[in-house]
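Letters go in sequence order (proteins before strands), and every chain restarts at 1.
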Amino acid sequence: MRNSINRPPTPVAEEDQDHQPTLQEIINIKLIESGEKERLKELLRERLIECGWRDEMKSLCRAFARKKGRNNVTVDDLVQVITPKGRASVPDSVKAELLQRIQTFLASASI
Amino acid sequence: MSSKINHPINGQIFPQPCPHLAEFRSRNGAKAFRALQDCLRVKPPSGRAAIRRDPDEVPRCAECGDSAGRTRLYACVRCAGVHCHAPPGPSHTAVHADSMAPGHEIAVDVDRAELFCCACRDQVYDRDFDAAVVLAQTAASTLHAPSSIARSPHPENLRKRRRVDYRPWMPDPRERVLMGSCSSPLNAAVSVSRSNDLPWGLRGLNNLGNTCFMNSVLQALLHTPPLRNYFLSDRHNRYFCQKKSGASNDATRRNGANNADARICLACDMDAMFSAVFSGDRIPYSPAKFLYSWWQHAANLASYEQQDAHEFFISMLDGIHEKVEKDRRKPQSQGNGDCCIAHRVFSGILRSDVMCMACGFTSTTYDPCVDISLDLEPNQGGSAKVASTKSNYSFNGEADFMNSSQSSGISTLMGCLDRFTRPERLGSDQKFFCQQCQVRQESLKQMSIRKLPLVSCFHIKRFEHSSVRKMSRKVDRYLQFPFSLDMAPYLSSSILRSRFGNRIFPFDGDEPDTSNELSSEFELFAVVTHTGKLDAGHYVTYLRLSNNWYKCDDAWITEVNESTVRAAQGYMMFYVQKVLYYKASEKQVAA
């Protein structure tokens, strides 16, 4: 009962020190630190709802669950089935808008 | 909020916890997730919950060091080890659960604060944990706006916030005393007159001289569920209305110029009318006071001439809105529908997209609306026979409705809505200035509905003006309208979905199942019909109360059957959101 949940696993911390962050990781950290990542997520969420993507995914999930039976579906199954379709059907305009936002951010953060 | 949305079954029936979660709980007791609660962080813009040991931590997989990207990260609730999990690919979370001693199956998604069982490979739900998350989120959202409302920490309450069960109201002793001292009960005669079993609030309105245009709309408004509830629950009390109280009033002094104008308040007259109509008295009522107030509001329409019912409808909603706005000086636009009762009930938001045909640049505008005016479809097929049967419809009651509906040329309300939301090419004479091309270009315009109102009013443009023939005429064509209407296909989301064409859904036999969305389903409750010609005619309203239809022809109210209504020449149709349509009548629909 005493195992501490707050204690970070030690190996990670050790590895971190000799680990040289890649550009992608630096960008990721900058995005998180500035709070931009949360804003981007929120924007993406909004756009995906607006364009009907979420409804589309919802109905796909429903159809899948109906086909397999309500008690025979796991989240993993759903993710496996829906992910490729979900990725493929994000409208280009949404991708372009996010890309634009990220580029602007990078320019302003001067990385 | 994501944890709430993901609750699968109505928030009522709860899924059986998986054996691993049950074991984890029994091993760790009620405080199983105590340590996790300290790591709950609610992030600003979205207000979603995440799990972080300290606020700026960037969690990464202990195995591969992946911090974000295509995988999800899960923290083991037993040992706090963070691992990645991406279903088709390798999962370090699953490896962790397998390699450790039993008891490490339950993990929490660090970005969503949702529980996951690595052994079952499925989302799991724990009341206490979810309640803690919801509580943290509510606390974070109320942090900025201090409110005195103490939220009950009871998990049951939090869970049921989205669905409220109907419970009939019973006054408690205190309220009973208040009611006794502040109101007078409806007189006993009411119960006698009710014996003929007409629903409450059915009372004829006297024609005050060509005022059937007003009576027909008023009948519809008097039985608009949200509007009726508003006035009958005394939300606008004519005895306490700021507008009408004397000249010492601040508001009155400010616009001292139109002093007389300041004293009229259409909402007060509505309130008076609601009281009179729902008093139980069946003798036809004369809305003279209301008419007088409306004349003052819309001076250009003040006469004993015949008027257009739709024009009156718009004008009187406007009147109610205007008064409230002057009073409270609320800065809100009417689109968000927060300003006054008229707009809270009727106001929706239309979206209009204009796409440049040269570069594809789209400009989007949102416009509030209180009704939707629809063009009648042009006569399809053009067969003379169809046309003639249609014109015969005007008032033969139960004509052979079924026969003609089988002919393809019939106009329907859905057809009109399809036309309304169809992409329309703007002609070369009305080129649109494209911001990207910086010149006027040919463009494509498309309307859709961004936000549905509580009550949708459809106005059919039966009065047609031809600039070529320099004359106006009335279109008597029959229009079929459904009693239940699903607006989902006309919503912006659906319209946009069909516009972004790059979607492939090779799913066998699945239809987009939007019927579960309560908010897009509507029920018909009133139809305003017009008979006669452009310059002289008569308006009659059909009301649907407890699923019976009643014809309100000025002072006369008679029960009619469904086919009469279906055959009528609809001019304005009023639909209310199905969730607001009353259960009592719904049962009868099902029966």
Side-chain angles (χ1 to χ4, degrees), chain A residues 1 3-9 11-12 15-16 19 21 24-25 28-29 31-33 35 37-43 45-46 49-56 58-60 62-67 70-71 73-81 83-85 87-94, chain B residues 8-9 27-29 34-36 38-39 43-46 48 53 56-58 60 62 65 67-69 72 75-82 85-88 116 120-123 362 488 491-500 502-514 516-517:
Chain A
M1 237 59 62
N3 31 23
S4 158
I5 293 170
N6 285 319
R7 175 180 55 84
V12 182
E15 267 173 17
D16 258 0
H19 176 73
Q24 205 174 355
E25 283 175 319
N28 185 33
I29 288 167
L31 283 172
I32 292 171
E33 281 172 350
K37 191 163 182 180
E38 287 298 314
R39 287 193 288 274
L40 285 173
K41 276 190 194 165
E42 199 50 29
L43 176 75
R45 215 166 257 143
E46 216 170 87
I49 292 171
E50 262 177 25
C51 73
W53 183 89
R54 187 183 65 165
D55 291 344
E56 200 78 61
K58 214 193 252 175
S59 69
L60 279 179
R62 268 205 196 114
F64 180 74
R66 212 182 292 136
K67 209 168 80 180
R70 206 174 71 184
N71 297 319
V73 184
T74 68
V75 171
D76 267 14
D77 295 342
L78 275 178
V79 171
Q80 261 182 59
V81 174
T83 305
K85 293 173 186 152
R87 277 197 212 283
S89 58
V90 174
D92 287 341
S93 59
V94 175
Chain B
I9 307 151
R27 196 186 289 234
N28 294 292
R34 176 62 58 83
L36 215 49
D38 299 334
C39 306
K43 299 223 184 132
S46 54
R48 280 160 218 274
R53 273 166 295 213
D56 296 322
E57 184 195 6
V58 179
R60 48 180 73 244
S67 65
R72 301 209 146 275
C76 174
V77 292
R78 185 78 185 276
C79 67
V82 175
H85 179 66
F116 184 78
C120 303
R121 302 252 170 165
D122 205 358
Q123 195 105 0
T362 306
L491 290 175
S492 299
S493 57
S494 321
I495 299 285
L496 289 176
R497 192 187 315 174
S498 56
R499 205 177 61 189
F500 291 112
N502 58 342
R503 288 149 195 291
I504 314 126
F505 294 114
F507 237 81
D508 41 312
D510 85 316
E511 71 289 86
D513 186 16
T514 35
N516 285 11
E517 304 287 330

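To the nearest 0.5 angstrom, A:T74 atom OG1 is 7.0 Å from B:F116 atom CZ.
Taking all atoms of both residues into account, the shortest heavy-atom contact from A:V73 to B:D122 is O-OD2, 3.4 Å.
Only the backbone of A:I49 comes within less than 4.5 Å of a heavy atom of chain B; no side-chain atom from C-beta onward does.
Taking 4.5 Å as the limit, every side-chain heavy atom of B:R121 sits out of range of all side-chain heavy atoms of A:D77.
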